[in-house]
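Heads up, the thing below is written out as structure tokens.
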Amino acid sequence: MLRKSVALALVAGTLFLGACNTVSGAGKDLQSASQEVKEEINK
């Protein structure tokens, strides 16, 4: 039972960290795209 609980916690932690990385990357992409649009508007 303890082994299953530890394994489940490790899998859940890995998925959580992967999701944080993905959301962070998406936020950076949106910022970059927004900056490019602003630069085009100001030309």
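Quick caveat, the model's predicted, so the values are computed rather than measured.
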Scan the side chains in residues 27-35 for donor-acceptor partners under 3.5 Å anywhere in the protein, sequence neighbours excluded, and list what turns up.
from, atom 1, to, atom 2, distance (Å)
Gln35, NE2, Glu39, OE2, 3.4

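Contacts of Val6 classified as side-chain contact (heavy atoms from CB on, under 4.5 Å), with partners at least two apart in sequence or in another chain: Leu2, Leu10. Here Glu36 pairs with nothing under the salt bridge (Lys or Arg N to Asp or Glu O under 4.0 Å) rule; sequence neighbours left out.
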